[in-house]
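Written below as structure tokens is the structure these notes are about.
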Protein chains: 2
Amino acid sequence: MAKRRVETMEENRAKLIVAARKAFAEKGYSAASMDELTAEVGLTRGALYHNFGDKRGLLAAVVDQIDSEMALRAQEIGVRAGDDWKGLLAEGAAYIEMALVPEVQRIVLLDGPAVLGDPSKWPSQSSCLQATRRTVERLIAQKALKPVDAEAAARLLSGAALNAALWVAASDDPQHVLPKAIYTFHALAGGLLTKPA
Amino acid sequence: MAKRRVETMEENRAKLIVAARKAFAEKGYSAASMDELTAEVGLTRGALYHNFGDKRGLLAAVVDQIDSEMALRAQEIGVRAGDDWKGLLAEGAAYIEMALVPEVQRIVLLDGPAVLGDPSKWPSQSSCLQATRRTVERLIAQKALKPVDAEAAARLLSGAALNAALWVAASDDPQHVLPKAIYTFHALAGGLLTKPA
DNA sequence: TAGCCGACATACGCGCCGTATGTCAAATTA
DNA sequence: TAATTTGACATACGGCGCGTATGTCGGCTA
């Protein structure tokens with residue numbers, strides 16, 4: 001075999017993160033057992049504490065990964081919709097839809113903030129938040145948006161979007177209320193426009 | 001003495017809730033020990049499990065209480081500012097400021113949703129949410145707001161407000177960013193107006 | 001190839017939760 | 001008022017999960 005040490009370490013880290021995404025998503029952070037989790041991938045807690053420090057460290061790594069994936073995907077959708085006002089709306093809608101995925105909801109929106117604190121203190125500092133802030137800054141520079149504080153706007157927009165998603169997901173008929181959520185989000189975001197549509 | 005049984009029971013329930021508010025606020029839900037908590041008010045876990053079923057039940061009771069207090073206070077501030085558009089803005093600002101209180105943040109905004117699930121499934125069904133929904137419904141009936149879904153609007157507004165509060169609280173200089181948050185909230189909410197100011 | 005280093009396994013102690021059982025005062029009935 | 005019941009709460013028990021300290025075996029370096 002003669003496997004490199006760093007290779008196997010990377011592999012094990014990856015395996016643990018994969019298992020953690022599943023366990024945290026299905027059982028929630030506190031109910032997820034580290035013994036079970038590690039055993040599922042043929043390891044023990046020793047590997048976990050060596051690689052991630054503690055249970056929170058593993059959660060941080062998972063959150064970081066999911067958050068990055070989300071930001072990337074939302075930005076793709078955003079730029080595809082245009083580098084103007086349409087782009088911001090599409091980005092917001094993308095966040096709402098991504099937040100419907102149980103994994104995202106449970107880990108990033110519920111347990112993440114509760115266990116790790118404010119997203120701005122995450123290792124990724126919330127890529128999602130930063131991405132929308134940059135978009136807002138660009139639109140303000142283009143005079144398309146009112147000269148509000150970009151950070152504040154990003155927070156409010158993402159907060160609205162993510163909370164809307166929680167509502168949609170908790171409703172009886174998600175596919176029916178989703179358009180309402182997106183429509184209302186559009187209306188709300190329109191408040192930032194310098195010249196209303 | 002000759003105390004009534006129901007009296008002492010009410011007293012004990014109240015004492016436990018008071019202690020729980022403090023413990024949950026200071027240590028967070030998972031780190032709060034039920035043994036310590038009950039001992040502080042001269043009881044044991046027996047009383048707790050008899051009155052509230054389990055740890056989550058106690059949290060639910062605490063969340064319910066705080067949520068009710070918040071809704072009451074916000075509505076007071078809202079009607080004082082007027083039964084029109086101004087009232088909704090004042091209500092939103094009130095939520096932002098209340099969410100700065102560590103107790104509210106930790107218990108209602110972070111641990112509450114993570115442990116108890118979506119606010120719509122809480123015993124109080126989130127009085128805050130219901131209050132702003134009613135306000136929005138009234139304003140829509142007055143044609144002051146666009147005919148959006150009231151539930152959706154309430155969710156988005158409260159989500160924006162509460163997330164803004166988390167941002168303000170996590171910032172280095174809360175008193176400096178608070179006005180930015182409120183200003184941006186006003187701008188955002190303006191998107192719902194039929195005729196922009 | 002000999003020795004070291006580090007990634008991971010093993011073993012231990014502690015705290016905490018939930019439940020099953022016990023107890024004693026207040027409430028009820030005659 | 002005395003006997004009986006009720007139920008609010010205390011006590012005792014079992015189990016699980018986390019974090020840490022210590023052991024081990026394979027790759028890495030000289």
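Chain letters run A, B, ... following the sequence lines, proteins first, then strands; residues in each count from 1.
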Between [atom2] of [N] and [atom1] of [X], the distance in whole Å:
X      : N       : atom1 : atom2 : value
L58(B) : dG18(C) : CG    : P     : 11 Å
L37(A) : dC16(D) : CG    : P     : 18 Å
R45(A) : dA9(C)  : CZ    : P     : 11 Å
E36(A) : dC16(D) : CD    : P     : 11 Å
H50(A) : dG23(D) : NE2   : C1'   : 15 Å
N12(B) : dA25(C) : CG    : C1'   : 14 Å
E11(A) : dA7(C)  : CD    : C1'   : 14 Å
K27(A) : dC18(D) : NZ    : P     : 11 Å

Of M9(B) and R56(A), the one whose closest DNA chain D nucleotide lies more 5':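 Counting from the 5' end, the first nearest nucleotide belongs to M9(B).
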Between [Y] and [X], does any NZ, NE, NH1 or NH2 come within less than 4.0 Å of an OD or OE carboxylate oxygen?
X       : Y       : answer
E11(A)  : K15(A)  : no
R21(A)  : E69(A)  : yes
R155(A) : D118(A) : yes

Rounded distance [0.5 Å steps], CH2 in W85(B) versus CG in L145(B):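 So the CH2 of W85(B) and the CG of L145(B) are separated by 6.0 Å.
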Proximal nucleotide (of dC16(C), dT20(D), dC9(D)) relative to the Y49(A) side chain: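 Closest nucleotide among those given: dT20(D).
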Minimum-distance nucleotide (side-chain atoms of L43(A) versus dA10(D), dA9(C), dC18(D)):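 Looking only at side-chain atoms, L43(A) lies closest to dA9(C).
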R106(B) side chain reached by D111(B) side chain, heavy atoms, under 4.5 Å: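 Yes, at least one pair of side-chain atoms sits under 4.5 Å.
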Any N51(A) side-chain nitrogen or oxygen under 4.0 Å from OP1 or OP2 of dC8(C):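 Affirmative; the distance criterion is met.
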Touch class at under 4.0 angstrom, heavy-atom based, for A32(B) against every strand present: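 Sugar-phosphate: the residue A32(B), judged by heavy atoms under 4.0 Å, touches backbone atoms but no base.
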Sugar-phosphate only, base, or nothing, as touched by S33(B) at under 4.0 Å among non-hydrogen atoms: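 Sugar-phosphate only.
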